[in-house]
There are 2 protein chains.
Amino acid sequence: MKSKTKPIIIDGIDKKILRALTTDARTPILEIARHVGISGAAIHQRLRKLEKSKLISGSQFIIDPKVLGYSTMTFVGIYLEKAVNTEDVIRALKKIPEVLECHYTTGDWNIFIKMLAYNNNHLMQLLNTKIQTIVGVSRTESIISLDQQINRQIRI
Amino acid sequence: MKSKTKPIIIDGIDKKILRALTTDARTPILEIARHVGISGAAIHQRLRKLEKSKLISGSQFIIDPKVLGYSTMTFVGIYLEKAVNTEDVIRALKKIPEVLECHYTTGDWNIFIKMLAYNNNHLMQLLNTKIQTIVGVSRTESIISLDQQINRQIRI
DNA sequence: AGTGAAAGTGGATGTGG
DNA sequence: CCACATCCACTTTCACT
């Protein structure tokens, strides 16, 4: 299967549409239309094009974890034992809701995750009872985020 | 100012609303209403409550960076020189669009960032011409994400 | 907290330029 | 690629429970 994904051509109007909708997914199409000076139907067509190109992969309401009491964000580097099925480890990590991201990485660690916890105690508990207990995990190193200064999508 | 944010009480209906809207920000209120068995107006009221509590901090269309050609995601640990104004460094990082996240962290690094690049060459270029040139940055260590297996919000 | 109805607005679509 | 017109669905508000 030749993945013949055409290179997407995005003009200034598309950019304005994307900027509006990546800032607020509920921005009315007609409002964007007024703003860029073409009809709502035209915006609608362009949106279909952008969705078909998979450039837009969906939309989400954003939950603020702090309001739920999650005040500690941590990055955890994970060392795996040599002969281990990494897919099983990923599967186990997926079952831990506090794990938000998980990457195979270059460097010393085999796996790198981003994780939320209520506080440092909870973090320790998660590491000891959830992460370290996964078969194949030999050791972890934690990097706690003291403050997040940037959090955004790629600019369009 | 005592930040007297009441602990939010979220019942099962709120959870269903949030689950629908964090999956697809454009889910019609009436559809959710039919699903949970109360009126649209009631869903609307609850949404106002959730927004007022700041648990919902907004909504976004999600852009897939891969479609734009960004195939390399990298975490970069940054060492700063001793007597440096970290705020200036943050300010400089904010101006680099490829930087998506930026954290003050515990551990060896002072600052930890998540970054996109088109490829390894572009990554090198970004490091050499954008990151390393920031006044106060002494050294960086890069961890390249070979594959991202998990990417999600906190579960509700 | 929730209902139901009313009023206004926006999304979706087809025809035609 | 866009405009216009249409229809239908959705959001929002309010009086009432």
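Per chain, numbering begins at 1; letters A, B, ... match sequence-line order.
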Q: I'd like a table of atom pairs between the protein and nucleotides 14-17 of chain D - only N or O on both sides, under 3.5 Å - with the distance next to each one.
A:
none

Q: Please tell me if A:H44 has a side-chain N or O lying less than 4.0 Å from either OP1 or OP2 of C:dG11.
A: no

Q: Would you kindly compare A:G40 and B:P28 by the position of their nearest DNA chain D nucleotide and give the one closer to the 5′ end?
A: A:G40

Q: To the nearest Å, give me how far apart CD (A:E31) and P (D:dT11) are.
A: 16 Å

Q: Expressed as a whole number of angstroms, how long is the span from B:I43:CD1 to D:dT11:P?
A: 11 Å

Q: Over how many whole Å does the gap from A:I29 atom CD1 to D:dA3 atom P extend?
A: 14 Å

Q: Measure NE2/A:H35 against C1'/C:dG10 and give the value in whole Å, please.
A: 19 Å

Q: Can you check the A:I17 CD1 to C:dG11 C1' distance for me, whole Å?
A: 14 Å

Q: Take atom CD1 of A:I13 and atom C1' of D:dC1, then tell me their distance rounded to the nearest Å.
A: 9 Å

Q: Rounded to the nearest Å, what distance is computed from the CG atom of residue A:L30 to the P atom of nucleotide C:dG8?
A: 17 Å

Q: I want to check one thing: is the phosphate of C:dG10, taken as OP1 and OP2, less than 4.0 Å away from some side-chain N or O of A:R26?
A: no

Q: Compare side-chain N and O positions of B:R48 against OP1 and OP2 of D:dT12 and report whether any pair is under 4.0 Å apart.
A: no

Q: Say whether, by atom type as modelled, one donor and one acceptor occur between the side chain of A:Q153 and the main chain of B:F61 under 3.5 angstrom.
A: yes

Q: Is B:R152 reaching over with its side chain to a backbone N or O of A:V99, donor-acceptor style, under 3.5 angstrom?
A: yes

Q: Salt bridge check, A:K114 against B:E101: does any charged N sit closer than 4.0 Å to a carboxylate O?
A: yes

Q: Check the pair B:D24 / A:S59 against side-chain hydrogen bond (donor to acceptor under 3.5 Å, both in side chains), numbers first and verdict last.
A: CA-CA 5 Å; B:D24 178 358; A:S59 66; 3.2 Å; yes

Q: What is the distance, to the nearest angstrom, from the CZ atom on B:R46 to the C1' atom on D:dT11?
A: 18 Å

Q: Is it true that, when you exclude B:R155 itself, more than 12 heavy atoms of the residues, nucleotides or ligands shown sit nearer than 6.0 Å to its CZ?
A: no

Q: Which part of the nucleic acid, if any, lies within reach of B:I38 when heavy atoms closer than 4.0 Å are counted: base, sugar-phosphate only, or nothing?
A: sugar-phosphate

Q: Salt bridge or not for A:D11 and A:R46, using N-O below 4.0 Å?
A: yes

Q: Let's go through A:I10 and B:L68 carefully: what are the C-alpha distance in whole Å and the side-chain angles of both, what is the deciding distance for side chain to side chain contact (heavy atoms under 4.5 Å, CB included) to 0.1 Å, and is it a yes or a no?
A: CA-CA 10 Å; A:I10 296 177; B:L68 292 174; 4.0 Å; yes

